[in-house]
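Since the structure comes first, as structure tokens, the remarks are kept for the end.
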Amino acid sequence: MSVTAQDIDRTARLAKLRIDEGEIPAYVRNLNNLLKLVDDMSRVNTDNIDPMSHPMEGQTQRFRQDKITEENQREIFQIIAPQVTEGLYIVPKVIE
Amino acid sequence: MHTKKLSEMIADLRTKKISSVELTIHYLNRIEKCDKKYNSFITVSHQEALESAQKADKLLSQNNADIHLLTGIPMAQKDIFCTMGIKTTCGSKMLDNFISPYDATVVEKCNQAGMVMLGKTNMDEFAMGASNETSFYGPVKNPWDITCVPGGSSGGSAAALAARLCPLATGTDTGGSIRQPAAMCGLTGLKPTYGRISRYGMIAFASSLDQAGPMGYSAEDLALFLNVIAGFDEKDSTSIDTPVPDYTQDLNNNLEGLKIGLPKEYFAESLDTEIGKLLQDAIKIYEKLGATVHEISLPNSGLAIPVYYTVAPAECSSNLSRYDGIRFGHRAENPRNLLDLYERSRGEGFGAEVKRRILTGTYVLSAGYYDAYYLKAQRIRHLIRDDFMKAFEKVDVILGPTAPGTAFPLGAKAADPVSMYLADIYTCAINLAGLPGISVPVGLKQHLPIGMQLIGNYFREAQLLNIAHRYQQQTDWHLRIPEGI
């Protein structure tokens with residue numbers, strides 16, 4: 001499986017990442033080199049093997065009581081925001 | 001002062017031979033004088049350090065036996081841990097303006113134990129790298145040879161320790177980022193079992209692999225430090241609720257009857273001859289101490305790199321989607337629309353290696369490729385873990401090299417990023433399996449340090465520290481200091 005410039009372009013859009021046109025060939029080359037490495041995986045038979053996302057057997061996501069434990073700290077958290085007005089994060093207009 | 005052992009520093013503080021303020025000023029002056037050569041710190045927190053040291057001195061003057069042993073001891077935090085009111089950059093332009101509004105649990109615990117934070121150490125951007133060359137704040141130099149890398153991603157912590165700019169430091173390890181720089185800088189570094197240390201406030205790279213850990217000069221020092229930072233945390237949903245032993249208690253346990261496994265895949269023809277010889281010397285010492293050595297096999301270890309470089313980028317692409325220029329971090333100027341704001345903020349804020357990994361991760365998770373890549377990798381991950389479990393039916397601990405070579409020259413792997421990935425060849429399987437691993441200095445090749453890796457079963461950190469400590473009682477590699485320090 002070989003990656004093309006169009007693949008990088010499409011993937012960059014999915015990742016909301018701006019890549020300069022001039023940089024695309026290097027990304028194509030690097031991703032192809034990595035995929036060559038990764039393609040070794042196809043040699044192994046993994047029928048009947050469950051995928052593992054947590055290293056330890058039997059661990060599941062912990063739940064907690066649906067009770068309020070946190071305070072609203074909006075003011076503290078918004079000190080570091082790029083643009084805030086009246087407690088709202090400001091972005092370029094989205095609705096046409 | 002900075003060449004004293006940690007235990008001597010602790011004794012000096014207790015007997016009032018020195019105060020924490022004096023010790024802190026000593027280290028702050030050293031950082032000021034020497035760090036231009038190494039670039040190991042991103043932020044030095046002078047004021048906060050002196051305030052902490054003053055608080056520590058007040059506590060120490062009470063002569064209360066309950067005061068933690070590490071009260072008043074200076075240390076450094078890898079700049080991946082959120083520190084309230086202090087810049088936390090993760091080595092990235094994306095967070096160059098980020099002043100954290102809260103402390104990571106690791107930071108909170110260090111502060112509660114009365115440790116004095118000197119500053120935040122340099123690191124590969126978002127913990128992605130094995131050489132500390134991808135940092136927005138410039139590469140870190142190895143104090144053993146400043147034309148060489150210190151390893152990564154915890155290269156700043158490693159270099160600061162090696163240059164004696166702090167006696168203890170935190171690191172994080174996703175594919176080897178504590179163990180490999182520890183090996184390259186002649187230090188002892190531990191990646192604990194996944195879930196042993198809280199990830200709350202530790203900026204996420206790959207959530208099923210990331211783990212914080214202590215770095216220092218000896219297993220003894222690490223045991224003291226691990227006592228501070230280990231433990232269940234409600235705020236980390238992957239934190240495991242299991243008791244924290246006193247890690248110093250078993251340090252001197254007898255090794256009679258200990259079964260050490262040597263994976264034949266790690267000791268293959270491709271292993272560097274000198275590294276192999278140094279490991280054989282270490283094995284002989286363990287045999288003298290009463291251990292027996294057994295050949296084992298980890299048949300799927302050759303797939304650790306492909307699996308890791310599928311899983312880690314996939315998880316990173318998800319974790320780094322939060323950097324959108326809206327709530328914090330870098331924002332592009334004059335965005336034309338919302339999409340432009342997202343794309344340009346991220347394009348400008350992230351460096352090349354981070355972008356490579358986000359693209360890789362997004363690609364392997366995208367429709368049409370998810371099964372062949374990501375799901376496949378998660379299945380093989382199961383096989384890799386099972387290899388270790390089978391091995392631990394036969395042996396107590398596994399021994400091998402930490403890294404395939406010594407610290408390489410700066411820029412040596414710039415032309416081919418994938419060649420850098422092979423630095424993780426002995427370490428990343430341990431992250432995939434969630435097992436604890438420690439790197440211990442085992443010799444020098446020419447003038448550069450080599451590390452030996454010991455891998456234990458889940459939550460056997462006390463045993464790993466014991467096995468490392470008994471070796472360090474017979475050798476002095478961990479006491480060697482780079483020339484000119």
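In this model, a donor atom of one side chain and an acceptor atom of the other lie less than 3.5 Å apart for A/Q83 and B/R331. In the model, B/K376 has no side-chain atom that pairs as donor or acceptor with a side-chain atom of A/S42 under 3.5 Å.
Of all the listed residues (A/N30, A/L14, A/V91), the one sharing the greatest number of non-hydrogen pairs under 4.5 Å with chain B is A/N30. In terms of heavy-atom pairs under 4.5 angstrom with chain A, the leader among B/Y102, B/F328, B/Y194, B/Y342 is B/Y194. Note: B/S237 leads B/S237, B/P101, B/S239 in heavy-atom pairs under 4.5 Å with chain A. Of the residues considered (A/I76, A/D20, A/V44, A/I19), A/V44 shows the highest number of contacts with chain B, using heavy-atom pairs under 4.5 Å. Ranked by heavy-atom pairs under 4.5 Å with chain A, the first of B/E315, B/R336, B/R344, B/H330 is B/R344.
At a threshold of 4.5 Å between non-hydrogen side-chain atoms, the residues B/Y363 and A/I8 do not count as touching. The side-chain heavy atoms of B/R327 and A/F77, taken from C-beta on, include no pair separated by under 4.5 Å.
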Requested in this report: Kindly determine whether A/D39 and B/Y373 satisfy side chain to side chain contact (heavy atoms under 4.5 Å, CB included), including the steps that lead there.
Outcome: CA-CA 8 Å; A/D39 276 340; B/Y373 289 116; 3.6 Å; yes
Query - Candidate pair B/L359 and A/L17, rule side chain to side chain contact (heavy atoms under 4.5 Å, CB included), full reasoning - result: CA-CA 9 Å; B/L359 286 173; A/L17 206 52; 4.3 Å; yes
Requested in this report: Would you sort out whether B/S345 and A/R18 count as a side chain to side chain contact (heavy atoms under 4.5 Å, CB included), showing the intermediate values?
Outcome: CA-CA 8 Å; B/S345 300; A/R18 175 68 50 83; over 6 Å; no
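Between B/D241 and A/R62 no salt bridge is recorded (no basic side-chain N to carboxylate O distance below 4.0 Å).
Between the CD1 atom of B/I99 and the CD1 atom of A/I80 there is a distance of 8.5 Å, given to the nearest 0.5 Å. Separating the OG1 atom in A/T46 from the CZ atom in B/R381 is a distance of 15.0 Å, to the nearest 0.5 Å.
Both the backbone and the side chain of B/S208 have a heavy atom closer than 4.5 Å to some heavy atom of chain A. For A/R29, no part lies under 4.5 angstrom from a heavy atom of chain B. Only the side chain of B/L339 comes within less than 4.5 Å of a heavy atom in chain A; its backbone stays farther off.
Between the side chain of B/R346 and the backbone N or O of A/K16 there is at least one donor-acceptor pair closer than 3.5 Å. Side-chain N or O atoms of B/R379 include none that pairs as donor or acceptor with a backbone N or O of A/D50 at under 3.5 Å.
Counting all heavy atoms, side chain and backbone alike, A/D40 lies closest to B/L303 at O-CD2, 3.8 Å.
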